[in-house]
Structure formats: structure tokens, C-alpha cells
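Sequence lines set the chain letters: A, B, ... in the order given, protein chains first and strands last, and positions in each chain run from 1.
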Amino acid sequence: MLDARLRTDMYAWMSLTRAFDDQMVAMWKSGRGLGGTFSQRGHEAISVGVGMAMGPDDVATPMHRDLGTYLVRGMTPERIFGNLLGRATGPSQGRDANLHGLGDLSLGIIGFISHIPQALPTALGVAMTFRHRLEPRVAVTFIGDGGTTAGAFHEVLNMAAVWAAPLVVVVENNQYAYSTPLNQQMASADIVAKAEAHGVLGTRVDGNDVEAVYLAARDSIERARAGGGPVLIQADTMRMLGHAIHDGAEYVPEGLLADWEQRDPLRLTRNRLVEQRTATPEALDSLDRAAASRIQQAVAAAEAAPFPDGDSLTDGVYA
Amino acid sequence: MLDARLRTDMYAWMSLTRAFDDQMVAMWKSGRGLGGTFSQRGHEAISVGVGMAMGPDDVATPMHRDLGTYLVRGMTPERIFGNLLGRATGPSQGRDANLHGLGDLSLGIIGFISHIPQALPTALGVAMTFRHRLEPRVAVTFIGDGGTTAGAFHEVLNMAAVWAAPLVVVVENNQYAYSTPLNQQMASADIVAKAEAHGVLGTRVDGNDVEAVYLAARDSIERARAGGGPVLIQADTMRMLGHAIHDGAEYVPEGLLADWEQRDPLRLTRNRLVEQRTATPEALDSLDRAAASRIQQAVAAAEAAPFPDGDSLTDGVYA
Amino acid sequence: MTGNNFGFTDAPASSGREITYLEAIAESIAHEMERDPNVLVLGEDVGGDFGGAFKVTKGLAARFGDDRVLNTPIAELSFTGMATGMALMGLRPIVEMQFADFISTAFDSIVQFAASTHYRWGGRVPWVVRAPSDGGIRSGPYHSQNPEAWFVHTPGLKVVAPATPADAKGLLAAAVRDDNPVIYFEAKPLYRSIRGHVPDGEHVVPLGEASIRRTGADLTIITYGSMVHESMAAAGALESDGIGATVVDLRTLKPLDTDTILDAAAATGKVIVVHAANRLAGVGAEVAALIAEHAFESLDGPVVRLGGADTPVPFSPPLEDAYRPNAARIESAARRLAEW
Amino acid sequence: MTGNNFGFTDAPASSGREITYLEAIAESIAHEMERDPNVLVLGEDVGGDFGGAFKVTKGLAARFGDDRVLNTPIAELSFTGMATGMALMGLRPIVEMQFADFISTAFDSIVQFAASTHYRWGGRVPWVVRAPSDGGIRSGPYHSQNPEAWFVHTPGLKVVAPATPADAKGLLAAAVRDDNPVIYFEAKPLYRSIRGHVPDGEHVVPLGEASIRRTGADLTIITYGSMVHESMAAAGALESDGIGATVVDLRTLKPLDTDTILDAAAATGKVIVVHAANRLAGVGAEVAALIAEHAFESLDGPVVRLGGADTPVPFSPPLEDAYRPNAARIESAARRLAEW
Ligand SMILES: Cc1ncc(C[n+]2csc(CCOP(=O)(O)OP(=O)(O)O)c2C)c(N)n1
Ligand SMILES: Cc1ncc(C[n+]2csc(CCOP(=O)(O)OP(=O)(O)O)c2C)c(N)n1
Ligand SMILES: [Mg+2]
Ligand SMILES: [Mg+2]
């Protein structure tokens, strides 16, 4: 069994991710936001589990539901809220929107690009750089079920296999791409088989079980690090709120949500930690409270932060 | 066993294809050509076998090594040489080059587009039109081994599977994409497995055996026609000359070519027809002579045909 | 026209109802689907009860069947190519890009294949790609783009960009009926902010004809899309100071209505070209260059261009506001030019 | 300079050897790889003994190892995106498009990601995409394109188009060393037809600086790439009739050297802009529009543009010859303008 401290940490990061999301959703619903944003609910175990399995020198290209990965890798909630609110203090300095453009190479994070799935080729390039330099580092990239129907997903798996690139691809299968259910996206939801057809090792994991995700990610990353070539992890979960903040997701059957709600990643982890006496409910409650207050503090700081100056419009187009 | 007449016809079309190719290669090597062109040697069994398996109302999107398909579907050698030589009498009227732009919808042929593998989405659209109109017709598309590493190959297989489109995809695996051997293109050359991972039925066939190709194509087309959904046929062969006319293909090991030469599609068919007493060597020789003179006649006509007028430059940009 | 209304109408008030720009698009699609069984709609999330990211296609699946309102996977390159195959077979697909920004994903299939097919061998490609474009609504670099210049430069395409509900309806009808690939740029900021009189039933605005939205003797503002409204506002403000401005709404960007452009330029001798897209090598450069070559003798001042900055479209309000032309900037450029 | 030689040199004859345009590119790549271990080459068929469709990279794999000369599968979108990932990590990839025509396949990865990354969050993308472009050699619509305008319009990119061997070497060196994504358009028709003096060893031509190839008092021809040579030939012919022409070779198309453009326009008051790419909404439109706005007062005649027709590049000789500007057409346009 994994170290107790590590397991409690996983809960703590998930709690912070959830607290961020709850706060963000509430703010945006009440008009305190700017533009749109994407709820993270349902993806906490994946983004935190993978984020924690990565080494400090590994590099991630997270997607729009990987808030946990940003947080685990050290991007502060202040900065992320700063980005969401268009402030000069966000990693994009107000230039990019919501969870896009949260790049910070000093944290090993490449900012998200909207065009699906452009993050994958980028991650392959990162991995190939490590291979080229003989550095024991791994690139970890994230993609939705919807992203796997875009051609670049296959182009990248194929090239990664040819070159045995140290690349781990995490597929966050949350049953929907916007309003489109899995069965309208693909005839076969066995994405592991698609990876294997390219010669990429594939493994499937319960995306709501943070420990399972962590273990799958850790093993995959270590394999890639050791020169074993690329791995794809299919992590199944459910997108619990709409596609984006404006989306009521009326197209999702209520029963489906109710079923998945039973398997909420935070609840699952909490129950397990308590059952296995790794943590008391009180200790976990106190983590939740700490997370909530951390987020309050971040929002306050972000809301107090300045907007960028219009005069800076053309700065930074070129390096 | 297939009808004797049909089997002899296959030889005849392959012989015509070979005669065309020999003539074309000789002309271009001696400076009697215009621009570049692509040798067909090694692909005769595939292009002819598939072409003959198609029904009159089916539609093909051939690639640059499918001369046999054009011929079988009724595009005259005069017109094709006209295209190659930039004459007003080619299907593109001198606008498109070599084997590009040989489109004629009255023959069920969509002109080739260079950008790999753009023919596939087009063929999917053709297939979806047939499905939409409940017409018992099939779209047949062709792609090289190299084309399978481009993302659209997968996008199309995936969508074709979702919609059970009446689409047959013929993969002409000739071991090379230009100078790049198969093992530098992909870690797994089992393209059937890639199709199956998308939920597309796949089958593999000896691409130098015209009867085997014909049977695989016939069965696949009938299955698709009957509403059984898309099928991929992997036909293995060898590109016997260079990638294009200017390419000496020094990068291909000589032994490899010598091995495949033993399995030359025309020789294979001739030997079989003679062994099985379906045709005499003399009868086949006379087919070869007829093919050669047919091609001579076509070249003469094409060389006598006019170039387009420069004043027509901007005609036909819009329908 | 009410709402963000600058006092101009497309259609006599008697001939239709006041509806939004978005409603006009939706109505036109439905009308074309009703009229011609070959017309169908495809794209991400367009089907079912959902009806697309902006709900433009809402209700169509129930009305015309799932077979004519096809939800696609995320694969712009291939589903646009699929539309080309359908069009070659005689269907008339209307393809929705979820945002115009994603049209670059389908680029090959548009600029290389659809655009060139008729020239290369005579195949007709009667499709329409609908591209919800433009910014000003805090959507950031990936949901605010105006990429029309890429397509105007590409031989074989047609490009339209309606500014009013009536044109939105009429240009879409013309685009669907045209036998060539047409890219139809919708201005997202106008979707619900603009209402206008739109004729009931059949309404077709021919491709290739600009519209003169108002006339004035002192200078000409040539524009399209959302900037038509900013230009009209600017023209109104100028008028109160005695500066008369003609406003030309290009409506079709390819083929350009060069006659109207050159006549309007010659009539006033002073021209401002405005669009929301990046000014640098934008469509306005072509318009300005046309004038500089073919109306040179009539020019009484420099041909001024206003457009987006040469940056990605930024998200934060102070940046996006600095990025984008608006009525005030058009007005001040016009005052400077008028004094020339 | 010999071969297709119009009597101008880049470098003093003493300072180098005469080599072809293609050799100059190859030499520059090797020089940069020698100088900086972060420079590597990737693309279809670039590796091994083969060395690419045009043999530009021939010999590099043997010299620098397969690890620095990477053969890719046919997947422009993703291998260009891969280059962006590499560049973000500090490598300096040089990506070869087999033909410039296929750059549209990589479009998303260039215009959406590589181009915007620095602006969006500060990541540096120091790559070069080499794009063998241009026609006139009977290669048809898919192997003759000049797609530079798409990229000049896109914020965040740099675009260069050398016309001479010395510039081919020097601009490639500058492009590799630049911290931004640079698209380097090679003119295929110049590969082996043009020879010129090229400095040995280190030779860098700064990005953003046009070159005045000759001066004359009567008119200015602004051009780039293969059309520099046609323009020089035209200028030579004009001179024998007493018409003096300045020829400006832009060299860098983004960022444009506006000072040189405007100064040259102002000096002669008459300007012709020429390129092989489709004239409509091409780079020449931007140049003409710049002049019409910022050099208006100096103009003594219309700003004339010559460029490709608004058609795909046709294959057959009579059509391609009608499509393409050449020295004779430049000369006759210049005569008309001179008489204005
Ligand atoms: C190329 C492209 N097309 C369309 C979109 C618009 N879009 C944004 S997210 C999304 C759905 C993505 O689904 P999935 O990959 O399953 O991720 P999820 O949102 O479910 O986490 C779409 C269609 C896009 N970002 N990129
Ligand atoms: C998108 C794209 N990139 C590059 C090319 C240039 N090209 C033409 S054919 C070819 C090799 C194709 O290999 P394959 O698909 O195996 O077909 P083959 O020529 O072997 O029959 C290449 C790289 C192209 N046509 N399209
Ligand atoms: Mg999803
Ligand atoms: Mg091949």
C-alpha cells in the first residue's frame, strides 16, 4: 500500500482542486467571472493522480480539465485566478483566456492550446528533446475522449512508437465531448486497443480512483523514463457539470450523473482513507477547510490584482 | 474458381497498365515527357483487381499508383497521356499535372489530390451520400503505407465506423514512402489491426496476386453495399521503380527488388493462367501486343493534341 | 433595426419581422433545407436537441431528421473533406465550425481540395462552411479570430461576411445555392445584439454585391461584418459635425465588388478601410491596394486602414479594447482624413 | 553571379565562392549545426543518404548523426508541432516541408500554436520551417505554390524569402538564431539556376532588412524571391531606354522593412509591386496599401501590382506562362507607369 502521507496528500490536492472549482463555478454563475471557464468536477483524481506521479523535471501539457496538475506542480491559485480574471498577474498576463495559456516552464508546464489535440505533438517534441539529450525525463500529455478522434492523436502515437519517445498520454474519457456522447464519437471506446495497434503500450484505469491513477501514471512514467517507450493511460470518468460554465448539459441523462455521483473521486478517497484508518474524518474536514480558505485568499488576491495596461498590447508578440 | 474470361481480362488490363507504364517511363527518361510522373510498376494487380471488383455505379478516389483503376473504369489512355503531357484533351485540360486531376464523375472517378491523404475524407463523403440516399453504391478509396501515418486516415476510419459508411479503403503497402522504409514510418505494419481498433473490418491480401485482390475487393464492396459498414484491405506489394521518375531509389536494397521481381504481378498471373490452361502463352502474348499498340496509338494522339490556350487561364475557377 | 441600432435597415419594415442576426441565420438554414432535400448540416454538436455551441441549428434535427443534421466527432479536417465528397455527389452540405478559429484545422481540405477541384477537373463543390468569427466579447485568442484573409487569398473560394440580419439570411441562401465552396463568416458579437427587419420566406442576396449603407460627400468608409455598425456610428457622429461619410458594406469578400469600391472611392476621394481582423495583410490591404491602383487619379488623401493589431486577439478587456477598431477610432481617423 | 544572372552581386567577389542557391542553403544548415548542437533537422526523407526531395540535407546525417537529421512519417501537422515542443525545450529545429504546398497540412500547428505561444505565456519557439516554394517549372497546382501571405497575416511569425545565394545563406543563419518561429521560403526555380558569391563561414543577414538591388530615378519595383531576378532583367531593359528603375528586394516579408519601402516609394513617386504568388490579397497588397497610406504625398502615379492570377497554379506551359509575372510583363507595366 502507498505511503499514508502520500495518500492524504492526494486527498488534500483533490480537495484544493474541488474548492477552486466550486468557487470558480459560483463566481462565474453569479457574474463575478470574466468570459467563460471549464468546470473540473469529476476530473480531480486524474489531474491530481497524474500530477503527483510526475517527477520534478518532467514536463506536462495539461488540457482544460487538469487544474489539479497545475496546482500540484506549483502554480498558485492566485496566478490561475489571475488568468481567469484577465489580470496582469496570471501566467498569460491577461492575454489568454480561462485555463488556456497557463504556461510556466520553470514549473514544467506548457500552456494549453485550444485546438484539439495540439498539445500532443508538443509533448512529443518535449519527449524527443529528452531522448535527444539523453535526459531521464518524461513528457506527460492529456487529452479528452473527444480529442482521440482527431488525427493528430494517431500521428503522435505512431511517431512516439517509432522513436520510443519518453511520452505518457493520459486519455481522460469523461463520456462526452461537449454534447456528443461517446457512441456518437467512436464505434469503439477501447482506446487502449488503438494505442496498441500503433505499438504503444496501453493501460486502462478507473479515473475516479486517485490511487489507481497514481499507480498507473507512476509505472508508465517510470517505464518511459527507463527507455521503455510511450505509454497510453485510458482513465475513465464522468464530466459532472456542463462542458463549460454556460452549458446546462441537459443532454446528459440524469441517471447517468446520479450513478457517477456515487463514485465521486473525493468521496471515494475520503471513504477509503477513513475506512482504512489512514485519516480521520476530522482531519479530512480540516484539509477541506484549509483548501477553502486557501482559495478565498487566492480569489481576494486575484481580484485585487491589476488588469494589464492597454498600452502593453503589442508587447511580447516576439521573443 | 473465377470465370476464365474474367481472369484473362484481368491479365489484359494489367498488361495495358504495364504497357502504359513502360511507355511513360521510357518517354520521360528520354525527355519526351512534361514535368514529373509516377511509375506504376508493382501496383498493377491492386489497381486492376480493385477496379474490376467495383460496380459501374460505385465511385473511386484513386491515388497516384492506380493507373489500372482509371483504365478499367473507362478513362482512355489518350486522355491520361493528354493529362500527362499538359494537353487540352486531358481530364484537367492541362491544369493539373501527371496523375493528379484525372477526375471524371461520369466514370465514377474523383481526381487525385496530392495532399496525403485527402482522398479519404472525400471518399467518406461519397459513401455518406450513398448512405443518405439509400443507394446501393460504394465508395472505394486508395492510400499508400505512407498515407496511413497521416491523421486523416484515422479520422476517416473512425467516422466511417460510427456511421457504418459504405466505404472500402485499400491500403497499398509498397514498403516505402518515397525514401522512407516501413520501419521508419511505423512501429507496427499491421494496418488491419489499426482498422479493427476503430471498429472497421480489416483484411490482408497479397497485393501482387490480382485474383486475391479481386476477391478481397469484391467481398468487401459487397459487404459495404449490403450495409455491413466499412472495410479496410491491406494489400502488400513493392514499389519496383523509384518514387517518381527522377528518383533512382538507391536507398532500396537490390536484393529486396530481386525478390519481389520474382513475384511480379504480371508474371504471376501469366504463369497461373498458363499452368491452369486458362490461356495459352500465345494468347497472352497477343494481349500484350494489343496493349502495346493501344498505347502507341494513345501516345500519338496525345502528342498530336493541342495545348490549352493561355487565354483560357482564368476559365473554370468557379462553377 | 433596434438594439445596437444605427438607424439603417436592409428591408422595408413592412416586408418582414424584426429578428436577430442569429435567428436570421437559423431561419435561412431551415428555409434552404425545406426547399432542397440535398441541403444538410454537419459539425460538432449541431445535432439532437442541443443545436450547436451557439444554438444556431437548434430544432433542425427534430424537424428534418438526424440524417440531415449530423453530429460529427472532433475531426474538422476530415468532416470538411467529407462535405467536399458529399458536394461532389450533389449534396449541399452546410458545415458548422464550432468557432471560426478552428477552421485552420480544416485548412488543407478547404484551400487545397475544395477550392481547386473545379478548376482542376470540373468537379463542383457546392458547400458552405459557417464560421462564427470575431471578438470583442472577452473570448481570448482562440475564440475571437477573423481569419477571412487566408481564404480571400486562396483561388477558388467565395467568402461572405454579413453585417445585418437580412443579409445574414439572404447571403446564406445565396451561398447554399452557389455551386462553389463558400465560407460564411458570422460575426458572433452580432448574434443577439442586432435585430433587424428580415423578409419572410424566400430572400436571396446575390454574392459579389456590396451595399452602400449611407452616402456622404466627404469620405468613404469601406468595411464589413461587425465594423459596419461601428462605422455607421462613426458616420453618424461625423455628420453632426458636417462631415459626410459614405459607408460601403462589402458583404462579399470574394469575389470583391470592385466596381462599387472604386466608384465610392472616386466619389469622395478619401477612403478609410476598416475591419476587425488583423490589419496587416488583411482584406483591407487588398481593398486599399485596389484603390491605390485603379482610383488613384481620384484620390485626395491617403488610403487609411484600421484593423486589429498584429497580435493574437487578447483576452483581458484593456488589451482587447486596445486591439480592436471601434466607432471612436474610426471617427477620429475620419476627422484627420477629412482635414487632409 | 552567373547563370540566370542579371548583373548584381550580394557579396564582393573576393569574399567567397560562387555557389548555387541550393548549395548556399545546404551550407548554412551545416554551418548552424556545427555552431550549435541544439540545431537539428527533421522532415520527410531528409535523413540517411537520401537527403530530401531536393537533396538539400544530403550528407548531413553522415556528418551529424541520425539523431540530428530525423526522417519523419507523413504527418506534417504533428511533426511541426513536435518541432514546437522541441523549440520550447531549447532545441532549434529546422523543419523541411517537402514542398511549400504541404505547409497547409501543418497549418494549425504553425498559425495557432507556434505563432501565439510567446505572446500567450512567454514560451519561446525558435524553429525554422523551410518551405520549397514557387513555380515556373511545370510542377502543377500542388508543387508550385507561394503561400507566404497566409503567414504574413498571422501574428507572431516571421517570414523570409531570399532571392540570392548569399541571402539564402545569411537569412537562414539569422532565422535559425532567431528566438521566434520563422518560415523560410525557398524559391525552387532558383535552386540550381542561380549561382552567386557567398561568404565562407559565418554570414548572417539580419531579418527585417530589405536590400536595394539597384537604383534608378523614375520608378521603384518592390519584389522578392524569384521575381527579383525578373525585375532586375526588366530594369536592365528599361535602362537601355532611359528609364531608371530602383529594385527593392524585400528579403524579409514579416516584419516588413517599411522604412525602406516608403523611402524608395517616395524617392521615385512611382511604384510597381511584383510577386509570383497570387496577387489578390497577397503580400503585395500590404506593400501597396502601406505606400498608399504613408507615402501618398509622394506618389506620382498609381501603385501597380503584378502577381499570379487568382487561379491554382496551372501545369501546362501556356497556362503557367500566362499565370506568372515575368520580366517582359514587368517591363511593359513599368513603361506604362513611366509614361503616367
Ligand atoms: C480542433 C478543435 N475543434 C473544436 C474545439 C471546440 N471544443 C473545445 S472542447 C471540445 C470538446 C472536447 O471534448 P473532450 O476532448 O472529450 O474533452 P472534455 O471537454 O470532455 O474534457 C470542443 C469540441 C476545439 N477546442 N478544437
Ligand atoms: C501531406 C503531404 N505531404 C507530403 C507529400 C509528398 N509525397 C508525395 S507521395 C509521398 C510518399 C507517399 O508514400 P505512400 O503513401 O506510401 O505512397 P507510395 O508513393 O509509396 O505509393 C510523399 C511524401 C504529399 N503528397 N502530401
Ligand atoms: Mg470528453
Ligand atoms: Mg508506399
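Nearest heavy-atom pair, C:Ala281 versus D:Glu286, reported as atom, atom and distance to 0.1 Å: N-OE1, 2.6 Å.
Using a 4.5 Å cut-off between heavy atoms, C:Leu290 contacts chain D through both its backbone and its side chain. Contacts of C:Tyr142 with chain D are made by side-chain atoms alone, with heavy-atom separations under 4.5 Å and no backbone atom involved. Heavy atoms of C:Arg120 lying under 4.5 Å from chain D belong exclusively to its side chain. Residue contact with chain C, scored on non-hydrogen atoms closer than 4.5 Å, is absent for D:Phe151.
Residues from residues 254-273 of chain C that place a non-hydrogen atom less than 4.5 Å from a non-hydrogen atom of chain D comprise C:Lys254, given in numerical order. Proximity to chain D among residues 104-118 of chain C is limited to C:Ser104, C:Thr105, C:Phe107, C:Asp108, C:Val111, C:Gln112, C:Phe113, C:Ser116, judged by heavy-atom separations below 4.5 angstrom. Contacts of residues 307-324 of chain C with chain D at a heavy-atom distance below 4.5 Å involve C:Asp310, C:Thr311, C:Pro312, C:Pro314, listed in sequence order.
Within the 3.5 Å criterion, the main-chain N or O of C:Leu280 finds a donor-acceptor partner in the side chain of D:His153.
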Can you give each donor-acceptor pair under 3.5 Å made by side-chain atoms of residues 293-300 of chain C, sequence neighbours left out, with the distance rounded to 0.1 Å?
| residue | atom | partner | partner atom | Å |
| --- | --- | --- | --- | --- |
| C:Glu293 | OE1 | D:Arg305 | N | 3.1 |

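Ranked by heavy-atom pairs under 4.5 Å with chain D, the first of C:Gly284, C:Ala149, C:Ala277, C:Gly301 is C:Gly301. Considering only heavy-atom pairs separated by less than 4.5 Å from chain D, the leading option among C:Leu77, C:Ile103, C:Val152 is C:Val152.
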